[in-house]
Amino acid sequence: MSPSKTPADTLEIAGHEVRVTSPDRVVFPGPGLTKLDIVRYYVAVADGALRGAGGRPMVLKRFVKGIDEEAFFQKRVPDKHPDFIDTATLRYARGTSAEETVVRDAAGLAWVANLGCLDLNPHPVRAEDLDHPDELRVDLDPMPGVEWAQIVDVAMIVRDVLDDHGLVGWPKTSGSRGLHILVRIAPEWDFAAVRLAAEALAREVENRAPGLATARWWKEERGESVFVDFNQNAKDRTVASAYSIRPLPDARVSTPLAWDEVRARRPEEFTVATVLERFADIGDPHRGIDEAVGRLDGLLQLADELGPADKPPTASDGSGRRTSTMPLIEVARTKTKPEALEALETWKTTHTRAAAVLHPADVMIDGMRGSSSLWYRVRVNLQHVPEAERPPQEPLLADYDPWAGRA
């Protein structure tokens, strides 16, 4: 989104006037999509996008400098917002609160798109009841080296576990490498209970597919498996909702699927251009999701049967800090992902023998949430390096502090 002096456009959408600034600014150079194209896309798929994000408080993830720069996260609704934008005040366990944006129609989608929001990041609650989620979210996050077929196999097991416990899952591509499975639930349980139910689901999937799926929280312990990320159900978490455009060069879209499409289709098939055609042709495959409301009693009973999850060992100094069972070293902390990748390559060049025997999942580049944006941590698991040849922990190649200068 380079600077532009193109005059603003004013669109009539859902009975409201929406001003689109710099409409000709190119957002995706590859497919040539402009800011106005993004706005028009969300208007065209509004029926489906609102089914996922409408009526829910959302975090604004704004790409004001383009898709090649890190987005910043804005929890609080801008002071100057139109009257067709609702708000809801979320309160967090750490004592903070934020009056967040709530969109309810196509005009609201267009307005947030004009702010530079490519993907939509709603909470799993309705604005009318902020304490009781009405959606359980299953995020299938593949570790490096995992192929699509393995993700699909795990998704089918998730569907079976849900069915066994009286719940219906609705799959969609994440817009990156993974899959999301959404489950509508009665809003009768708080966040802690919903997260516990999601964790029980993840552990049961791991039990049924050991080696293929994992519920292990610590990344270095997962191996080349699909992580069933239950923590996406924590109170402060959001995920990209249906029909969200992801910040990838091909303008990929998080796309709802029917179950019989999951094995046959691939995430890279779904872009702004192809999803517009698909939506015009078949509509939204998730159109029945709001009528498929289930209860968590079965999964919560499963949680009781499984008992508490294993806890990792803690440090012997009495601090209570977790101690990893794996031989981990930290390489760098950086502001951007390209800097993280550069630091990793520098480390590999210095330690060629160790780098040669690493497995894909041994390299961990974690996007960490800072105060308003992501930063990146680079770690290496030396489990496949002979013990006598393992490089020691060295000074970090980069040591970015996301909290520097903040109270």
Side-chain angles (χ1 to χ4, degrees), residues 63 65-73 141-148 150-151 174 176-178 211 214 216-227 229 231 246-250 268 312-317 319-406:
F63 291 87
K65 296 182 179 180
I67 61 172
D68 294 327
E69 299 289 335
E70 292 294 330
F72 76 89
F73 296 90
D141 183 12
M143 294 294 288
V146 172
E147 300 294 333
W148 181 252
Q150 182 175 337
I151 302 169
S174 69
S176 182
R177 296 181 60 235
T214 181
R216 294 181 180 271
W217 178 247
W218 306 108
K219 197 170 185 178
E220 67 271 16
E221 297 176 357
R222 297 173 192 164
E224 292 181 7
S225 62
V226 177
F227 176 44
D229 189 354
N231 203 50
R246 307 311 303 272
L248 297 174
D250 58 359
E268 60 269 20
T314 57
S316 59
D317 60 5
S319 65
R321 291 192 302 269
R322 168 201 174 243
T323 298
S324 177
T325 59
M326 295 293 179
L328 294 180
I329 59 172
E330 188 172 5
V331 174
R333 300 178 183 184
T334 66
K335 184 176 181 180
T336 67
K337 191 168 185 178
E339 291 172 325
L341 293 170
E342 182 180 354
L344 175 62
E345 289 307 310
T346 299
W347 183 89
K348 286 182 174 181
T349 300
T350 305
H351 303 286
T352 53
R353 293 182 65 180
V357 297
L358 295 177
H359 291 199
D362 290 339
V363 176
M364 294 164 285
I365 301 179
D366 305 315
M368 312 291 286
R369 184 69 68 88
S371 60
S372 62
S373 62
L374 292 178
W375 60 279
Y376 293 86
R377 180 180 63 179
V378 183
R379 295 179 298 159
V380 176
N381 187 347
L382 301 174
Q383 61 180 328
H384 293 109
V385 180
E387 188 170 356
E389 300 177 16
R390 290 174 182 170
Q393 176 65 59
E394 299 169 329
L396 298 181
L397 295 176
D399 194 5
Y400 172 69
D401 181 1
W403 311 105
R406 296 180 181 271

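Because the structure is a prediction, the values reported are computed rather than measured. Values below: every heavy atom of this structure, side chains too, minus hydrogens, waters and symmetry copies.
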Contact summary for T334 and A398, nearest pair of heavy atoms: CG2-CB, 3.8 Å
Residue list, side-chain hydrogen bond (donor to acceptor under 3.5 Å, both in side chains) with Q383, at least two apart or on another chain: D362
Which residues share a salt bridge (Lys or Arg N to Asp or Glu O under 4.0 Å) with E69, sequence neighbours left out: none
Salt bridge (Lys or Arg N to Asp or Glu O under 4.0 Å) involving R333 - partner list, sequence neighbours excluded: E330
Residue pairs fulfilling salt bridge (charged side-chain N to carboxylate O under 4.0 Å, His left out) with at least one residue in residues 388-399, sequence neighbours excluded: R353-E389
P360 side chain near E224 side chain, heavy-atom distance below 4.5 Å: yes
side-chain hydrogen bond (donor to acceptor under 3.5 Å, both in side chains) involving R246 - partner list, sequence neighbours excluded: D119
All side-chain hydrogen bond (donor to acceptor under 3.5 Å, both in side chains) counterparts of E147, not counting sequence neighbours: none
Heavy-atom pair with the smallest gap, counting every atom of E70 and K337: OE2-N, 3.8 Å
Partners passing side-chain hydrogen bond (donor to acceptor under 3.5 Å, both in side chains) against N381 (at least two apart in sequence or in another chain): none
From OH (Y376) to CD1 (I365), nearest 0.5 Å: 9.5 Å
Inter- and intrachain pairs under side chain to side chain donor-acceptor pair (under 3.5 Å), touching residues 339-348, at least two apart: T336-E339
Minimum-distance pair of heavy atoms, taken over all atoms of P249 and I67: CA-CD1, 4.2 Å
CE-CG distance between M364 and L344, expressed to the nearest 0.5 angstrom: 11.0 Å
NE2-CG distance between H351 and L358, expressed to the nearest 0.5 angstrom: 11.0 Å
Atom pair OG1/CZ of T214 and F227 - distance to nearest 0.5 Å: 7.0 Å
Least distance between heavy atoms, A343 atom then A332 atom: CB-CB, 3.6 Å
Contacts of R222 that satisfy salt bridge (Lys or Arg N to Asp or Glu O under 4.0 Å) - sequence neighbours left out: none
Non-neighbouring partners of D366 that pass salt bridge (Lys or Arg N to Asp or Glu O under 4.0 Å), sequence neighbours left out: K219, R377, R379
Sequence-distant partners of W148, ring pair (Phe, Tyr, Trp, His ring centres under 6.0 Å), two or more places apart: none
